[in-house]
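Values reported hereafter were calculated over all heavy atoms of this structure, with side chains retained and with hydrogens, waters and symmetry mates removed. Here the structure is a predicted model, which is why all the values come from computation and not from measurement. Numbering of ligands and ligand atoms starts at 1, following listing order.
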Amino acid sequence: MSNVATDHDGRPPLSSEQRVYNVILKQAALVDKPPKSRSLPSDLALDSIPVTTKNLLNEAYDRCGEVCAEYAKTFYLGTLLMTPERRKAIWAIYVWCRRTDELVDGPNASQITPTALNRWEQRLERAFEGQPYDMLDAALAETVLKFPVDIQPFRDMINGMRMDLFKSRYFNFDELYLYCYYVAGTVGLMSVPIMGIDPGSKASTESVYNAALALGIANQLTNILRDVGEDASRGRIYLPQDELEQFGLSDDDIFAGVVTDKWRAFMKDQIKRARIFFKQAEMGVLELDKDSRWPVWASLLLYEQILDSIEANDYDNFTKRAYVGKWKKLITVPVAYVRAVVPPSVTRLAATG
Ligand SMILES: CC(C)=CCC/C(C)=C/CC/C(C)=C/CC/C(C)=C/COP(=O)(O)OP(=O)(O)O
């Protein structure tokens, strides 16, 4: 990828950031288009769904909600504040992402092949065409009919799983950035059309998508920094090789798992970068629809605190798993609520006054 000097037309290749930004421009353009359901054949229009199917669909959404409640408790509680339509849609997307992730991370992960991922992608395409394979896919199919969600981020998440099958080293941050977009930034892009942008927001749609992407990247970078030891035990190093080298470190140091001054310096640098992405994301939360802000603030603040915990562990992410304690979690939830409901000018004044 990065060692190709030019593309087919002899132009220098785009950086990962530019490639991902092109996806964002496409997503933002979609928001202004009429909903897909209006341009679908009449038998696929939402108001023509028979009552029995509607009941089955409601059961499927309930199941999605249960899965979300089980695996992402805080986020689930936050979704309860959203309108019923939105919360159902978020659950359906959450479940699709979880099922995708389980293909490579779940109990059957060792049997996963590129062919199985291709089949999963075909299923996704069918769901977007209104021909779901099972009821959970049906919930997704209805969601993407109702909201201006594009298939590209979903395809890209599957691309991330493909990447994970054959790649266990990242030469530089550009390569890692693409991976983080695939497996986490995509979630941000899928979520914005559901969560909605505040009608009074003056921000451009692209900038809100960009902030959502930043949150996905920040979360994934944090995840990577938290899990260095665990990943190394599986032979994987999700850290930029060139940056390790700049700090005088190599794969062997990661496998040895000893916290040295070089490691601390390297980690400080990585944490700094993850925090920059969190900051970029924060600007976008303010632009989201009022009811969607709380769950996003809560998950942002909670995830960002994992970085503090790595610092508190004196950068030992080889043998210690950084986590946010119960009390800190409990304090974060109301803090997130205040940030979500109080206009930023007031909090800013309160902070300075
Ligand atoms: C900021 C704006 C404008 C919108 C918000 C857009 C959203 C919801 C972005 C969130 C993106 C997101 C949740 C990405 C997933 C990131 C991630 C690393 C999840 C980790 O999942 P698990 O592996 O289950 O985590 P744990 O191992 O910590 O349980």
Got a sec, which residues hit side-chain hydrogen bond (donor to acceptor under 3.5 Å, both in side chains) with Asp164, two or more places apart in sequence or on another chain?
Tyr179, Arg236, Tyr238
Tyr170 six-ring face occupied by Lys167 cation (under 6.0 Å, within 45°)
yes
Does the ring centre of Phe318 sit less than 6.0 Å away from the ring centre of Trp263?
yes
Which pairs of N or O atoms, one from ligand 1 and one from the protein, are separated by less than 3.5 Å, and what is the distance for each pair?
{"unit_1": "ligand 1", "atom_1": "25 (O)", "unit_2": "Tyr303", "atom_2": "OH", "d": "3.3"}
{"unit_1": "ligand 1", "atom_1": "27 (O)", "unit_2": "Arg226", "atom_2": "NH2", "d": "3.0"}
{"unit_1": "ligand 1", "atom_1": "28 (O)", "unit_2": "Arg226", "atom_2": "NH1", "d": "3.0"}
{"unit_1": "ligand 1", "atom_1": "28 (O)", "unit_2": "Tyr303", "atom_2": "OH", "d": "2.5"}

Contacts of type ring-ring contact (aromatic ring centres under 6.0 Å, His included), residue Phe247, not counting sequence neighbours:
Phe266
Glu121: salt bridge (charged side-chain N to carboxylate O under 4.0 Å, His left out) partners, not counting sequence neighbours:
Arg155, Arg162
Indicate, with yes or no, if the rings of Tyr71 and Tyr76 have centres closer together than 6.0 Å.
no
